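Reviewing the structure listed below.
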Amino acid sequence: MASDVIVVTLDGKKRRFRRGQSVLEGARASGAQIPTLCYHEALEAVGACRLCVVEVTQGGRTRTMASCVTPAEDGMIIATATPHIVATRKMIMMLLLARCPTIDVIKRLAREMGIKTNPFPKGDEDCFLCGMCVRACAEIVGVGAIGIAYRGPKSEVQPPFGQESNVCIGCGTCTTICPARTFDLAKVFARRSMHKVGGAPEIIRCTVCEDHYTGT
């Protein structure tokens, strides 16, 4: 029977990880500070923001990898803060800061990384497309009322075809999990009159949180 523990080298020290953990999970459990904006313990990791990159050496080959989607394996050598990794994270962070210059979590991480100037032109977006709201709706609620539409700089979170979804239950999970705290149900309900099934939906106050509504 295979052991439930594997041994890796993390920033020059031998560490024991639980078999099946991702590099991010094992490293954080060992005290390593790795930033992320799209990771949540309750969701499947997708490596969207790329801030969690680390250097992984295995079989004599060193690669830069997103730690949240990289399974930890016995004998891995993991470096979380080499000059290359620090520079890579700063570049990603400057791009995010340029896109969403007013978002608190972005500004906080930029300060922690020592970013004081940004060569990229400022935008005015309030969403950095981490996709957590979309994944939470699909994986936790089991509905899939929202998705990321379009591609590139035009990408945005919205209900299918930009019309109000007839499956959204108004639970507010998407708003609660949003790390930017900018997503709200108005973005899902904006076109309620355009999509009716058997008349207007009944709105009922949630008996658990009292703050959100359930449409039936």
Side-chain angles (χ1 to χ4, degrees), residues 8-18 21-57 62-72 76-136 139-140 148 152-153 155-157 173-184:
V8 306
T9 301
L10 177 67
D11 294 330
K13 297 180 179 180
K14 296 290 185 180
R15 299 292 188 186
R16 294 178 180 272
F17 284 13
R18 179 170 45 83
Q21 282 186 313
S22 67
V23 169
L24 175 65
E25 292 168 335
R28 281 187 163 182
S30 297
Q33 301 298 312
I34 301 177
T36 63
L37 281 171
C38 69
Y39 173 80
H40 193 285
E41 293 84 351
L43 302 174
E44 182 178 352
V46 296
C49 74
R50 315 307 285 186
L51 280 174
C52 70
V53 290
V54 297
E55 284 187 354
V56 174
T57 301
T62 299
R63 292 176 291 174
T64 299
M65 306 179 73
S67 60
C68 66
V69 292
T70 301
M76 270 185 171
I77 301 173
I78 304 162
T80 67
T82 64
H84 168 69
I85 290 299
V86 171
T88 300
R89 287 181 187 153
K90 282 188 174 182
M91 178 61 71
I92 295 170
M93 197 69 248
M94 285 190 289
L95 289 168
L96 290 168
L97 185 62
R99 176 183 173 88
C100 303
T102 64
I103 302 302
D104 288 342
V105 66
I106 296 289
K107 293 190 292 183
R108 176 179 60 78
L109 282 174
R111 285 195 304 269
E112 291 176 359
M113 292 184 185
I115 297 173
K116 297 180 180 179
T117 60
N118 196 345
F120 301 108
K122 281 187 177 182
D124 60 357
E125 298 290 339
D126 63 0
C127 173
F128 44 85
L129 300 173
C130 67
M132 287 174 62
C133 57
V134 174
R135 287 179 285 144
E139 297 174 24
I140 298 176
I148 297 180
S155 297
E156 64 176 308
V157 176
T173 300
C174 54
T175 70
T176 302
I177 207 166
C178 174
R181 295 294 183 264
T182 56
F183 193 80
D184 58 61

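Source: prediction; values computed, not measured. Numbers here are sequence positions counted from 1.
Between Met76 and Val23 the shortest heavy-atom distance is SD-CG2, 4.1 Å. Pairing each heavy atom of Ala29 with each of Gln21, the nearest pair is CB-NE2, 4.5 Å. The heavy-atom pair separating Ser22 from Cys68 by the smallest distance is CB-O, 3.6 Å. The shortest non-hydrogen separation linking Val53 to Arg89 is O-NH2, 2.8 Å. Residues Glu44 and Glu139 share a closest heavy-atom pair of N-OE1, 2.9 Å. For the residue pair Asp11 and Ala79, the shortest heavy atom distance occurs at OD1-CA, 3.4 Å.
Once rounded to the nearest 0.5 Å, the distance linking CZ of Arg18 with CD of Glu25 reads 6.5 Å. Between the CZ atom in Phe128 and the CG atom in Leu37 there is a gap of 4.5 Å [rounded to 0.5 Å]. Between the SG atom of Cys133 and the CD1 atom of Ile140 there is a distance of 11.5 Å, given to the nearest 0.5 Å. Annotation: the span from Leu24 atom CG to Ile78 atom CD1 amounts to 10.5 Å, rounded to 0.5 Å. Atom OG1 of Thr62 is separated from atom CD of Glu55 by 6.5 Å, given to the nearest 0.5 angstrom. Interatomic distance, CZ of Arg181 versus CG of Asp126, reported as 13.5 Å (0.5 Å rounding).
The side-chain heavy atoms of Phe183 and Met132, taken from C-beta on, include no pair separated by under 4.5 Å. Here the side chains of Ser67 and Cys52 are in contact, with some heavy-atom distance below 4.5 Å. Inter-residue side-chain proximity for Phe17 and Ser30 is flagged as met; some heavy-atom pair is nearer than 4.5 Å. Using a 4.5 Å heavy-atom threshold, the side chains of Ile85 and Thr64 count as touching.
No donor-acceptor contact under 3.5 angstrom links the side chains of Thr70 and Arg63, judged on distance only.
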Give the table of side-chain donor-acceptor pairs shorter than 3.5 Å for residues 92-103, with sequence neighbours excluded, one pair per line with atom names and distance.
residue, atom, partner, partner atom, Å
Arg99, NE, Cys127, O, 2.7
Arg99, NH2, Cys127, O, 3.1

Practice item. Walk me through it: do Thr36 and Arg28 pass the test side-chain contact (heavy atoms from CB on, under 4.5 Å)? Key: CA-CA 11 Å; Thr36 63; Arg28 281 187 163 182; 3.2 Å; yes
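Side chain of Arg111 to backbone of Ile106: no donor-acceptor contact under 3.5 angstrom is found. Between the side chain of Arg15 and the backbone N or O of Ala27, no donor-acceptor pair lies under 3.5 Å. In this structure, the side chain of Arg135 engages the main chain of Cys38 through a donor-acceptor pair within 3.5 Å.
Applying the salt bridge (Lys or Arg N to Asp or Glu O under 4.0 Å) rule to Arg108 yields the partners Glu112; only residues at least two apart in sequence or on another chain are considered.
The number of heavy-atom neighbours closer than 6.0 Å to CZ of Arg16, taken from other residues, nucleotides and ligands shown, is 12 or below. Within a 6.0 Å radius of NZ in Lys107, other residues, nucleotides and ligands contribute more than 12 heavy atoms.
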